[in-house]
There are 2 protein chains.
Amino acid sequence: MNSSVTATSEPTLTDKFQRGNVLASSCPSRGVLQDVTSRWGVLALFALLQGTHRFSELRKSITGVSEKMLSQTLQALEADGFVLRTAHPVIPPHVEYSLTASGREVAKRVEELVNWIEVNINPILSARDEYTSLKSG
Amino acid sequence: MNSSVTATSEPTLTDKFQRGNVLASSCPSRGVLQDVTSRWGVLALFALLQGTHRFSELRKSITGVSEKMLSQTLQALEADGFVLRTAHPVIPPHVEYSLTASGREVAKRVEELVNWIEVNINPILSARDEYTSLKSG
DNA sequence: CGCCTATACTTACTAAAAGAAAGTACATGC
DNA sequence: GCATGTACTTTCTTTTAGTAAGTATAGGCG
């Protein structure tokens, strides 16, 4: 089919083998993918592309996230090596979060997805309206 | 940094305004983003990039998905205009799912994210191991 | 005729995850 | 010595996901 789809220059596994490693439930990529594409994971990565932020700053900018979920989300991203957590040993605590090199790579791809959706939000919402009126009307 | 990352030529909203429309909980992009980045939404879009598939084929290829969740996921993607559902009026039922034009656009971006993770899965898993051994050991 | 099969769902119930709210730790200022 | 600020954690409730069984129905077979 179309081989000019990916913008990256690295050969992808899906090109080399049959595509669909992730489609197998045993594939460890699935777990990572879920950390990255989780409700708040996407937004945290997106927010951190702007630079380093404190916990409370992230919580303010990512509207609607609870402290518990933000904490949980950041820990998962930190475990995967996407986010760097820097705690300054002062009281009250001062903790800073930033992206690692690999974190920036994933975040850039997340950003492209998010940007595409934002740019195309109007036709998408129209499609939604049409769909729901077809189903209920 | 690397400015050749984005494949699109359109100006993005995050470039034009301050970035972070999605970061506001009121932004409708969030809902769409959740459909696209949901656990099975990502995989359905990825799977459909290969072409048209029947419901049962998707269920087989996306290992682990239940009929209920696949149905729900496909309906959400259909509502957003990313997936086209074609039902042939025969018995037993024959339904085909394919990507729409906009569906291919989102799916391509999802694919890039998925591919990046698959290519880089080993260092990520190493980071995870190191993290968990730091925390528990 | 009556039963079985195949496919794409939906429905009822249970397990897991998310969300809300309160609690914890502790140096500093008043 | 009491309130404040920050980054969490814990408990409890609500929402969502997952499992398993049910539904519809044309055609094939004995």
Side-chain angles (χ1 to χ4, degrees), chain A residues 23-26 30-44 47-48 52-79 83-98 131-132 134-136, chain B residues 23-26 30-44 47-48 52-79 83-98 131-132 134-136:
Chain A
L23 296 179
S25 57
S26 58
R30 276 220 190 156
V32 177
L33 192 59
Q34 278 186 63
D35 290 341
V36 169
T37 63
S38 69
R39 172 159 195 192
W40 304 115
V42 172
L43 300 178
L48 286 172
T52 299
H53 287 290
R54 298 184 63 170
F55 184 87
S56 53
E57 291 170 346
L58 284 172
R59 185 155 140 64
K60 260 173 254 168
S61 69
I62 305 173
T63 311
V65 72
S66 68
E67 297 194 330
K68 173 189 159 191
M69 289 312 296
L70 182 57
S71 172
Q72 216 170 90
T73 300
L74 289 170
Q75 279 174 25
L77 294 175
E78 190 196 354
V83 161
L84 179 69
R85 178 181 180 275
T86 312
H88 299 98
V90 293
I91 285 184
H94 186 118
V95 181
E96 292 187 334
Y97 291 92
S98 57
Y131 182 88
T132 45
L134 274 179
K135 292 276 162 173
S136 65
Chain B
L23 296 179
S25 58
S26 59
R30 276 221 190 156
V32 177
L33 192 60
Q34 278 186 64
D35 291 341
V36 170
T37 63
S38 70
R39 172 160 195 193
W40 305 114
V42 172
L43 300 178
L48 286 172
T52 299
H53 287 290
R54 298 183 65 171
F55 184 87
S56 53
E57 291 170 345
L58 285 172
R59 186 156 140 64
K60 260 173 256 169
S61 69
I62 305 173
T63 311
V65 72
S66 67
E67 296 194 330
K68 174 189 157 191
M69 289 311 296
L70 182 57
S71 172
Q72 215 171 91
T73 300
L74 289 170
Q75 278 173 26
L77 293 174
E78 190 195 355
V83 161
L84 179 69
R85 178 181 180 275
T86 312
H88 300 98
V90 293
I91 285 184
H94 186 118
V95 182
E96 293 188 333
Y97 291 92
S98 57
Y131 182 88
T132 45
L134 274 180
K135 292 277 162 171
S136 64

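Naming: A, B, ... by sequence-line order, numbering from 1 per chain.
Atom C1' of nucleotide D:dG18 and atom CD1 of B:Ile62 are separated by 16 Å, given to the nearest angstrom. The nearest whole Å value for the distance from the CG atom in B:Leu43 to the P atom in D:dA17 is 14 Å. The separation between B:Glu96 atom CD and C:dT7 atom P is 13 Å, rounded to whole Å. In this structure, A:Leu58 places its CG atom 10 Å from P of D:dA7, rounding to the nearest Å. One interatomic measurement links the two molecules: CZ of B:Arg59 to P of C:dA6, which rounds to 15 Å at whole-angstrom precision. Atom CG in A:Leu74 sits roughly 15 Å away from atom C1' in D:dT6 (whole-Å rounding).
The closest side-chain heavy-atom distance from B:Thr37 to A:Val36 is not below 4.5 Å. Two residues are said to be in side-chain contact when any heavy atoms from C-beta on lie closer than 4.5 Å; A:Gln72 and A:Gln75 fail this criterion. Inter-residue side-chain proximity for B:Arg30 and A:Thr63 is flagged as met; some heavy-atom pair is nearer than 4.5 Å. Proximity of A:Leu43 to A:Thr73: side-chain heavy atoms (C-beta onward) are nowhere separated by under 4.5 Å.
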Assign a letter to each nucleotide of nucleotides 12-30 of chain C from its 5' end: B, base within under 4.0 Å of a protein heavy atom; S, sugar-phosphate only; -, no contact. B-----BBB-----BS---
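A sub-4.0 Å separation between OP1 or OP2 of C:dA6 and a side-chain N or O of B:Ser56 is absent. For D:dT9, the OP1/OP2 oxygens have a side-chain nitrogen or oxygen of A:Gln75 closer than 4.0 Å.
Counting non-hydrogen atoms under 4.0 angstrom, A:Arg54 reaches the backbone sugars and phosphates but no base.
Applying the side chain to side chain donor-acceptor pair (under 3.5 Å) test to pairs two or more places apart or on separate chains, those with a residue in residues 87-96 of chain B are B:Arg54-B:His94, B:His94-B:Glu96.
Rounding to the nearest 0.5 Å places CG of B:Leu84 at 10.0 Å from OH of B:Tyr97.
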